[in-house]
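Heads up: the structure comes next, in structure tokens.
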2 protein chains.
Amino acid sequence: VETVLESKNQKTIIGPDRMFVIIGERINPTGRKKLAEELLAGNLDRVRADAEEQTKAGAAMLDVNAGVLGTDEAALLVELVKTVQDVTDLPLSIDSSVAEALEAALPVYEGKALVNSVTAEEQRMERVLPLVKKHQAAVIGMLMDENGISMDPEVRLGIARRIVERASDHGIASEDVVIDPLVMALATDPKSAEVTLETIRLVRRELGRNLTCGASNVSFGMPARRGFNAAFLPMTMYAGLTSAITNPLIPEVRMAIQASDALLGRDPYGVQWLKARREEEQST
Amino acid sequence: VETVLESKNQKTIIGPDRMFVIIGERINPTGRKKLAEELLAGNLDRVRADAEEQTKAGAAMLDVNAGVLGTDEAALLVELVKTVQDVTDLPLSIDSSVAEALEAALPVYEGKALVNSVTAEEQRMERVLPLVKKHQAAVIGMLMDENGISMDPEVRLGIARRIVERASDHGIASEDVVIDPLVMALATDPKSAEVTLETIRLVRRELGRNLTCGASNVSFGMPARRGFNAAFLPMTMYAGLTSAITNPLIPEVRMAIQASDALLGRDPYGVQWLKARREEEQST
């Protein structure tokens with residue numbers, strides 16, 4: 001199954017037999033105080049630079065999030081989507097927990113967006129899925145519902161089924177639902193990575209859907225997070241993850257993903273691995 | 001299932017619910033020209049230093065190999081085993097493809113060694129397994145036979161069965177057979193890593209044996225081997241590998257293994273991960 005995302009001039013395809021898709025995570029004020037301040041002041045320079053740098057570093061899509069306290073998130077998200085699609089040809093993931101912001105931003109996006117995200121909560125599904133359908137977008141389905149987040153992979157699989165079915169009721173093609181198995185901090189529960197890995201495996205095997213996740217969450221609260229994330233990504237890819245919302249500017253993360261693509265037969269003879277290493281050498 | 005190895009004063013246990021066992025690979029002249037020259041000249045200083053450094057870096061066992069062209073391998077292996085067990089308390093893996101060398105070295109080792117290795121070749125099994133039994137050692141079973149190395153994981157699983165059965169015929173306990181699924185260079189076959197991963201999964205699921213391998217082989221002939229190996233190890237650990245013959249002195253390798261132990265629930269709350277990072281900080 002392949003999920004096709006589009007900008008005005010470019011396509012990105014997520015699929016199990018393709019190179020892993022990095023969705024650049026940087027354009028998001030959560031935890032980035034400086035960026036949040038600049039956005040409040042109407043300064044979008046850093047957003048432009050983030051878009052350019054992540055594109056150059058090998059992202060195949062960019063996530064755009066405008067969640068700053070004290071602003072009109074809908075208006076800011078519209079502004080960010082416009083700005084980012086002016087500086088990059090990469091398809092965008094439009095990211096908000098506020099349905100009104102998605103509703104405002106989707107019409108200004110030129111292409112087929114990835115809406116980030118819907119959950120299995122009734123209200124959320126009935127509010128977001130019609131927007132996804134109306135704008136012929138794809139959507140990320142996060143595996144949580146009114147009962148919160150389960151630590152049982154089978155329960156998460158059941159939630160994935162519900163989201164795919166409901167999306168279908170709304171006329172959304174099943175390949176346009178990308179599942180987020182949810183990644184929780186290992187520091188709060190030593191089983192959380194194993195639950196995510198098993199959920200990935202089940203969703204791939206039982207539903208054949210594409211998957212994405214915020215992989216860096218796993219190391220929240222730990223020291224040396226880069227090395228930690230670089231070990232988690234190969235496991236998730238071997239389990240069946242086909243894309244991740246992560247930071248392509250971190251060499252450890254980029255290398256972990258490129259090596260895993262070669263190891264899993266998606267970059268035969270490591271041609272892309274070789275190319276990337278050669279480019280690094282030349283740029284130093 | 002747990003495999004217990006012993007030196008005079010120390011035990012190392014390999015098992016699926018325990019921290020991953022690093023078997024230090026450095027004491028091996030293959031591909032180390034300087035070391036080979038020194039061994040030919042009877043100089044064991046580097047061997048002592050390698051033993052100490054790998055012990056300090058977190059190896060739980062050390063592999064000892066004396067394969068230098070132009071020497072009496074049996075005599076040199078005896079010398080190396082004596083020297084290494086004088087400077088470290090770690091249990092040893094005694095490594096030779098020459099049965100006479102194993103036969104000479106096993107009597108001088110004080111403890112329960114890991115014999116590296118036997119294959120499923122008739123002659124080799126009938127020559128090595130009696131030695132393993134006689135010295136109450138454990139043994140690594142490499143998944144190849146008279147037909148060479150198969151690229152079919154099911155065939156490799158069948159070979160594992162044969163080695164475990166034959167070892168049992170010789171009175172060797174099944175937990176004392178550690179399986180090497182074989183790691184081939186990805187540069188020669190884009191499927192080789194996947195075959196190894198699937199073999200690991202099958203051996204764990206069908207036979208429940210412990211596994212070890214020369215993990216670094218996967219990146220042979222590639223640039224930036226460290227980053228490549230650091231991505232392969234987490235996959236093998238998730239698939240079920242319980243130890244590896246590798247180089248604990250490489251930070252990327254050490255971190256990949258430590259992070260994977262935490263991710264797979266063998267280092268709850270990352271206590272060892274934290275400790276290792278703190279020690280690194282203090283040593284810089």
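Values in this document were obtained by computation on a predicted structure and should not be read as measured data.
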- prompt: Side chain, backbone, both or neither: which part of Arg201(B) has a heavy atom under 4.5 Å from chain A?
  reply: side chain
statement: Honestly, the part of Ala224(B) sitting under 4.5 Å from a heavy atom of chain A is both
- prompt: Closest heavy-atom contact between Trp273(B) and Met222(A)?
  reply: CD1-CE, 4.0 Å
- request: List the atom of Ala187(B), the atom of Tyr269(A), and the distance in Å for their closest heavy-atom pair.
  value: O-CD2, 3.5 Å
message: Nearest 0.5 Å, please: how far is CG in Leu264(A) from NZ in Lys191(B)?
response: 9.0 Å
query: Can you say whether Leu233(B) sits under 4.5 Å from chain A via the side chain, the backbone, both, or neither, judging by heavy atoms?
result: neither
Least distance between heavy atoms, Ala256(B) atom then Ala231(A) atom: O-CB, 4.0 Å
Heavy-atom pair of closest approach, residues Pro234(A) and Pro234(B): CB-CB, 4.3 Å
field: Option that, when pairs with chain A are counted at under 4.5 Å, heavy atom only, ranks first among Glu252(B), Met235(B), Arg266(B)
entry: Met235(B)
query: Looking at Gly265(B), Pro223(B), Ala193(B), which makes the most heavy-atom pairs under 4.5 Å with chain A?
result: Pro223(B)
statement: So, the part of Thr188(B) with a heavy atom under 4.5 Å from chain A: the answer is backbone
task: Measure distances from Ala185(B) to the heavy atoms of chain A and classify the residue's part below 4.5 Å as side chain, backbone, both or neither.
output: neither
